[in-house]
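Read the numbers this way: they start at 1 and go in the same order the structure lists the ligands and their atoms.
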Amino acid sequence: MIDTIKEHLEEVKKFSSTSKEDIEAFRIKYLGKKGLLNSFFAEFKNVPNGQKKEFGQVINQLKTSATEKVNTLKEALENQAETQGEYGDLTRPGEPIEIGSRHPISIVKNRIIDIFSRIGFNVSEGPEIEDDWHNFTALNLPEYHPARDMQDTFFIQTDPDILLRTHTSSVQVRYMENNQPPIRTISPGRVYRNEAISARSHCFFHQVEGLYVDKNVSFADLKQTLQYFTTEMFGKSKIRLRPSYFPFTEPSAEVDVYWGLETETDYRMTKGTGWLEIMGCGMVDPNVLQNCGIDPEVYSGFAFGMGIDRIALLLHQIPDIRLLSENDLRFLKQFKSSL
Ligand code: DAH
């Protein structure tokens, strides 16, 4: 038996061909499912123990050289086809490449970053899996604070201290813990809330948080900054600040931008009022500064937070928030932009 295999080994070594069919026949003969190699392998159990080792070695040798032979011959065949020009004119111009498009969330996010970077804000990020301290407690929301219910939270089942962040305000805390004023930073990112999914709300979405801390920062600075932002972002400079409540700011406000009532869409979007709510904001609560290691006697600051998805829906007249996470190419291809 071993001798027969050795003869085959010689045969394999000698074999050469430039015909595709012959090479394929050779491959099937040795390496095919019902080929010689498989039948030799099947014989293995009948080989007397004393010969098993040598038998094993030669069939493995046969397998390796048959495989190598097939590969080398096939490769030679392909090279030959190429040099003979079987692939046509290799100098012909290529197919045009289709240019991709950015996701509408990225387009809006990049515009916001661009607008704030022009007035000295840098970009900071934090983790999406947060702890209670950064998402709630440090932001003046101690345990059992009723305002925790404002945001339905996804907790990690095995550890009540770990959660999916409900807002990017958590990055404020991390940034202040690690940097001393002057601070000018915006923090874009994904946030999660345990909410029923519908055309208007999703269980994950995106926010941009803004934070400015320095000596003598006032509410007037906040208003001016927001006005600059709405003018650059929407081309609209008329805003109003409505008193509101957030645990981490005092005083707090909600920001409406005057969209106008010129078209039917304006009318529908603003529910006939002309005003559109775009973000929450306020002066950073002294407790928050204190919690993050910044002296509230020396420094003050303002903060704001807005939803990116909402702005994207608004600017692009997208009727359903779910379109933003379905990855339907017919939808995504409509957003060609340089930003
Ligand atoms: N974190 C708030 C939310 O998710 C938004 C917000 C409001 C952020 C006021 C702020 C702020 O920084 O000052 O609803």
Using only heavy-atom distances, determine whether the side chains of D132 and T137 contain a donor-acceptor pair under 3.5 Å. yes
When the aromatic ring centroids of F335 and H316 are compared, is their separation below 6.0 Å? yes
Check each of S187, G210, G305 against atom 5 (C) of ligand 1 and report the one with the nearest heavy atom. G305
Y30/F26 aromatic ring centres below 6.0 Å: yes
Inter-residue atom distance S300.OG - L222.CG, 0.5 Å rounding: 11.0 Å
For atom 12 (O) of ligand 1, the protein heavy atom that lies nearest, with its residue and separation: E209 OE2, 2.5 Å
For ligand 1, the portion of M279 having any non-hydrogen atom under 4.0 Å away: neither
So which bit of F304 gets within less than 4.0 Å of ligand 1, heavy atoms only: side chain, backbone, both or neither? backbone
Does ligand 1 come near enough to S169 that some N or O of the ligand is less than 3.5 Å from an N or O of the residue? yes
Under a 4.0 angstrom heavy-atom cut-off, which atoms of ligand 1 come close to Q207? 3 (C), 4 (O)
Ligand 1 N/O within reach of A303 N/O, cut-off under 3.5 Å: yes
Distance under 4.0 Å to a non-hydrogen atom of Q172: what atoms of ligand 1 satisfy this? 12 (O)
Answer side chain, backbone, both or neither: which part of R193 comes under 4.0 Å from ligand 1, heavy atoms only. side chain
Is it possible for you to say whether Y212 and I112 belong to one hydrophobic cluster, with membership spreading through side-chain heavy-atom contacts below 4.5 Å? yes
Is it the side chain, the backbone, both or neither of C281 that has a heavy atom closer than 4.0 Å to ligand 1? backbone
Looking only at protein heavy atoms, which one is nearest to atom 2 (C) of ligand 1, and what is the separation? F248 CZ, 3.9 Å
Near F246 (heavy-atom distance under 4.0 Å), the atoms of ligand 1 are 7 (C), 9 (C)
Close approach, M306 and ligand 1, non-hydrogen under 4.0 angstrom: no
ILVMFWY network linking I278 to Y245, side-chain heavy atoms under 4.5 angstrom: no
Examine the side chains of T166 and N135 and answer whether a donor and an acceptor come within less than 3.5 Å of each other. yes
Below 6.0 angstrom between ring centroids: does that apply to F229 and F116? yes
Determine whether the aromatic ring centres of H134 and Y175 lie less than 6.0 Å apart. no
Hey, which atoms in ligand 1 end up nearer than 4.0 Å to a heavy atom of G282? 13 (O)
